[in-house]
Each structure stands twice: as structure tokens, then as C-alpha cells.
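Below is one structure; the comments refer to it alone.
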Amino acid sequence: MRRRSLLIAVPAGFATLAACGDNNKSDSAKASDSASPSASATSAAPPPKIVDGPLPAVTAGTTFGKKPTVAKGTGEPSKQLAVKTLIAGSGKTVAENDYIQAHYLGQIWDTAKVFDNSYDRKTALLIKLAQGSIIDGWRYALAGKKVGSRVIFSVPPTWGYGTSGNAQAGIKGTDTLVFVADIQNTFNASSSAKGTNVAQSDASLPKVGTNTDGKAPSIEVPKGDAPTKLVSKYVIEGDGDEVAADSSVLVQYKGVLWDGGKEFDSTYGRKELASFSLQQVVKGWAQGLTGKKVGSRVLIVVPPKLGYADNPPPNSGIKKDSVLVFSVDILAKM
């Protein structure tokens, strides 16, 4: 079982992509053997005051992306949110409600006990920096920081787990937590694929726009019969890691019907990215994205047997046995 961070709440997927009758558990549902600060409840606490310290020292692994060793806290920790930028990045600025990708380590102030870290998993956390998705201490500490930054911060119970603590993580209701986070990337509703345009020379297939301005690409469906087998082709080829069959991905997408070209779903229209495990979506999506590189835009044509067949989602605008056409920007994976 792959261990995953408890920072993660249930991934935000969309009903039109959910696999009908799929009993597979999501990655997050399998995370019961991990220990770290997920948002177990929405905090009603007012915003904290951001202070400079006190904060313990990082004694080893001091470069960005390396697993840090953090000293035990000395004295009483702040009752507010202590935040310090150890390495100042020069990338995009993180905003609340962005998705962030970050490596991190978390430990308890009084004991220096590490309750979770992503470095050992060799997989950065990918999560929405939003209330209810992550503990509030993260939201307030990282908003406004730049990609490429390493930030150390301490989180008292008020903006962590409250008086209940987190028994699974070994965190008591009185524990102040210390985190080091290496911010690798940030994504929002204007994020797009980033790579090299690939020639779309097959006139029998839909043609997808190559704009990367955060606006929805055009999808021109040709006249004629739809393919009977799955089609998955690069429109823009990125240079990131390949998506695995069990990966969770962060995407922008647009879906239209082959018959008539009518749009039935789009993250662009909602101005909200989608995040989900490939084990949670229709087979055409899972098979179509497996092996494709992060940063890419992919054309996927899904035949009914790999889509919804005779059981489309209610009120989706999708008829029985519809062939579906998608443009998918793979922004990140974990």
C-alpha cells in the first residue's frame, strides 16, 4: 500500500467523470496508515497573527528539496502562527484556493517527533490550499509565498487540529506542530499545458486548439463516423513525469459530444481545476492518460464501452452510447 499524506481530504472530482459502479477506493481512502495534518474539520477560528518566531533550527538537509532535520523546539511556542522563509523562491506567488505541490516534513514542537514527511515517499503533496481541504495553519503560512521557497512554520492547536488533536498521527490536542515545506509549484484556474505543439494531421480525428492562456481550447469534431477504439494523442507534449495507472492527477479539461460537438462539461466554465485518482474515473480517461507526460494537452476520444455506455450520468447532457471527446491538460500528478 502506498502511504499518502493525511493533509489530503477527499480529492475533488466531478460527477461526469466518475466511473459508474466502480467500487475501487480512492487513494485518500487508502491513507489510513499515514500520519499528518489533514483538515478533519473546518476551523471557525479567526485568522492568526503572523509572527517571526520562535522557530527551531533546521540542522541538516538545508537545501531546497532535501529532507530536513529539524531541532526540538525550545521554550514555549508562539500562540500565534510563527512563519519564516528559509529559502526565498522566485517563481509564481501562491494564493489561497490555489493547488500547491510541495514536499514537507511535520513534527511535534515538544518532542521533535516526526509524524509525517513526503520526502521518504518521494512524492510531493498536491492539495488545494483552501479551508476544509488542509489545516488552516498551512493556508495562512503559505499564501503569498513564491514557488521555489522553503518555509518553516509552527502551528498551534487553534489552526491545526484543535483540542481533539489527531490520534492517528500521535498528535495531542495541546501540541504545537512544526512544518518545513518546499513549494514546488502552484496551480489555479488559469493554468494550462506547457510543452511542444504536436502536429494534428489525421483529418478523421477532432482538432484541438493549442492556446495556453488558461482559456478553454477549441475542439473541432470532424464529420463522419467516430472511431470505435480509444484514441489518446498529444496535442501539446510536456516534459514531466509519465502518469501511472494509479496516479492522482490535477487537470484542466473540456468535454464535447462527437455527435454535434456540444460541450457537456468543462473546468474552464467552472473556473475550478479537477483533481482525482485515475482509479476513480471512466476507463477511457484512465487508459487515455496513463503513460502521458505531465505538462501535456491530450486529445481523448472515448467510445461508449469505455465511457458510460447505456448508463450516462443524470442531467449530464450525455445520451446513451455517446462517443465523448476530451481535451485534457495534465498539470500535475502524485
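Quick caveat, the model's predicted, so the values are computed rather than measured.
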Open item on the list: Once you measure the plane-to-plane angle for Tyr119 and His103, does it fall in the parallel (<30°), tilted (30-60°) or perpendicular (>60°) bin?
Closed with: parallel
TODO: Would you give the length of the straight line joining atom CD1 of Ile183 to atom CG of Asn185, rounded to the nearest 0.5 angstrom?
DONE: 10.5 Å
Open item on the list: Any non-hydrogen side-chain atom of Leu250 less than 4.5 Å from a side-chain atom of Leu126?
Closed with: yes
TODO: Indicate yes or no: at least one non-hydrogen side-chain atom of Pro48 is less than 4.5 angstrom from one of Thr158.
DONE: no
Open item on the list: Please check if the number of heavy atoms outside Asn211 that lie under 6.0 Å from its CG is greater than 12.
Closed with: yes
Task: Sub-4.5 Å side-chain heavy-atom contact between Ser149 and Ile87 - done: no
TODO: Show your reasoning for whether side chain to side chain contact (heavy atoms under 4.5 Å, CB included) applies to Leu278 and Leu289.
DONE: CA-CA 8 Å; Leu278 291 189; Leu289 292 184; 4.0 Å; yes
Task: Closest non-hydrogen atom pair, Gly53 against Ala82 - done: CA-CB, 3.8 Å
TODO: Please answer: with hydrophobic residues joined when any side-chain heavy atoms are less than 4.5 Å apart, are Val249 and Tyr253 in the same cluster?
DONE: yes
Open item on the list: Would the distance check show the side chain of Trp109 and the main-chain N or O of Pro156 forming a donor-acceptor pair, the cut-off being under 3.5 Å?
Closed with: no
TODO: Group every Ile, Leu, Val, Met, Phe, Trp and Tyr by side-chain heavy-atom contacts under 4.5 Å, then state whether Val251 and Phe264 land in the same group.
DONE: yes
Task: Check against side chain to side chain contact (heavy atoms under 4.5 Å, CB included), Ile135 and Phe179 - done: CA-CA 12 Å; Ile135 60 173; Phe179 292 96; 4.1 Å; yes
Task: Non-hydrogen side-chain atoms of Met334 and Thr123 separated by less than 4.5 Å - done: yes
Open item on the list: Quiz question: by atom type and distance under 3.5 Å, do the side chains of Lys292 and Ser232 form a donor-acceptor pair?
Closed with: yes
Open item on the list: Quick check against the 3.5 Å criterion: does Ser296 have a side-chain atom that pairs as donor or acceptor with the backbone of Gly238?
Closed with: yes
Task: Any donor-acceptor N/O pair, Asp329 side chain to Ala193 backbone, under 3.5 Å - done: yes
Less than 3.5 Å apart, which donor and acceptor atoms pair up between the side chains of residues 318-327 and the rest of the protein, not counting sequence neighbours?
unit_1: Ser322; atom_1: OG; unit_2: Lys319; atom_2: N; d: 3.3
unit_1: Ser322; atom_1: OG; unit_2: Lys319; atom_2: O; d: 2.7

Task: Heavy-atom check, side chain of Phe115 versus side chain of Ile171, under 4.5 Å - done: yes
TODO: Provide the closest heavy-atom pair for Pro227 versus Val301 in the form atom of the first, atom of the second, distance.
DONE: CG-CG1, 3.7 Å
Open item on the list: Within this structure, what is the OG1-CG distance for the pair Thr93 and Leu142, rounded to the nearest 0.5 Å?
Closed with: 12.5 Å
Task: Gln131 (side chain) donor-acceptor with Asp136 (main chain) under 3.5 angstrom - done: no
Task: Exercise: do Lys333 and Ser248 side chains pair donor with acceptor under 3.5 Å - done: no
Open item on the list: side chain to side chain contact (heavy atoms under 4.5 Å, CB included) for Glu96 and Leu129? Distances and angles first, verdict last.
Closed with: CA-CA 6 Å; Glu96 188 168 355; Leu129 204 65; 5.5 Å; no
Task: Polar contact flag, side-chain donor to acceptor under 3.5 angstrom, Glu237-Thr196 - done: no
Open item on the list: For a salt bridge (Lys or Arg N to Asp or Glu O under 4.0 Å) check, start with the C-alpha distance between Asp52 and Lys84, then their side-chain angles and the critical distance, and finish with the verdict.
Closed with: CA-CA 6 Å; Asp52 293 333; Lys84 183 179 181 180; over 6 Å; no
- [ ] To the nearest 0.5 angstrom, please state how far the CD1 atom of Ile100 sits from the CZ atom of Arg139.
- [x] 12.0 Å
Open item on the list: Would you say Ile152 ends up clustered with Val147 if hydrophobic residues are merged whenever their side chains have heavy atoms under 4.5 Å apart, either directly or through other cluster members?
Closed with: no
Task: Residue pairs, two or more places apart or on separate chains, that pass salt bridge (charged side-chain N to carboxylate O under 4.0 Å, His left out) and touch residues 179-208 - done: Arg150-Asp182
TODO: Tell me whether Val51 is reachable from Phe153 by hopping between hydrophobic residues (I, L, V, M, F, W, Y) whose side-chain heavy atoms are closer than 4.5 Å.
DONE: no
Open item on the list: Which heavy atom of Thr176 sits nearest to which heavy atom of Ser154, and what is that distance?
Closed with: CG2-CB, 4.0 Å
TODO: May I ask you to test the Thr210-Val235 pair for a side-chain heavy-atom distance under 4.5 Å?
DONE: yes
Open item on the list: Please find the pair of heavy atoms, one from Arg270 and one from Asp265, that lie closest to each other, and give the distance.
Closed with: NH1-OD1, 2.5 Å
TODO: Check the hydrophobic clustering (I, L, V, M, F, W, Y; side-chain heavy atoms under 4.5 Å; chains of links allowed) and say if Val298 and Val243 are grouped together.
DONE: yes
Task: Which atom of Lys92 lies closest to which atom of Thr186, heavy atoms considered - done: NZ-O, 2.9 Å
Task: Under 4.5 Å side-chain linkage, directly or through intermediates, the cluster mates of Tyr268 - done: none
TODO: May I have the step-by-step check of side chain to side chain contact (heavy atoms under 4.5 Å, CB included) for Val180 and Val151, ending in yes or no?
DONE: CA-CA 6 Å; Val180 174; Val151 183; over 6 Å; no
TODO: Kindly say whether Ser277 contributes a backbone atom to a donor-acceptor pair with the side chain of Gln280 at under 3.5 angstrom?
DONE: yes
Task: Shortest non-hydrogen contact between Pro68 and Val58, atoms and distance - done: CB-CG1, 3.9 Å
Task: Polar side-chain atom of Ser118 near backbone of Tyr104 as donor-acceptor pair, under 3.5 Å - done: yes
TODO: Measure the spacing between CG of Leu81 and CH2 of Trp138 and express it to the nearest 0.5 Å.
DONE: 12.0 Å
TODO: Rounded to the nearest 0.5 Å, what's the gap from CZ on Arg297 to OH on Tyr234? Could you check?
DONE: 14.0 Å
Task: Rounded distance [0.5 Å steps], OG1 in Thr174 versus CG in Asp110 - done: 7.5 Å
Open item on the list: Listing request: all salt bridge (charged side-chain N to carboxylate O under 4.0 Å, His left out) pairs with a residue in residues 219-233, at least two apart in sequence or in separate chains.
Closed with: none
Task: Check: Thr111 side chain, Lys113 main-chain N or O, donor-acceptor pair, under 3.5 Å - done: yes
Open item on the list: Could you check whether any side-chain N or O of Gln252 sits under 3.5 Å from a backbone N or O of Ser191, counting only pairs where one atom can act as donor and the other as acceptor?
Closed with: yes
Task: Listed partners of Lys128 passing salt bridge (charged side-chain N to carboxylate O under 4.0 Å, His left out), at least two apart - done: Glu272
Open item on the list: Evaluate Phe276 against Trp285 for ring pair (Phe, Tyr, Trp, His ring centres under 6.0 Å), listing each step before the verdict.
Closed with: CA-CA 11 Å; Phe276 43 73; Trp285 260 68; 5.5 Å; yes
Open item on the list: Between Arg121 and Asp116, is the salt bridge (Lys or Arg N to Asp or Glu O under 4.0 Å) condition met? List the steps.
Closed with: CA-CA 10 Å; Arg121 290 191 292 272; Asp116 193 33; 2.7 Å; yes
Task: Any Thr85 side-chain heavy atom under 4.5 Å of Lys145 side chain - done: yes
- [ ] Can you sort out the partners of Phe187 under ring pair (Phe, Tyr, Trp, His ring centres under 6.0 Å), two or more places apart, ordered by chain and number?
- [x] none
- [ ] Compare all side-chain heavy atoms of Val178 with those of Val70 and state whether any distance is below 4.5 angstrom.
- [x] yes
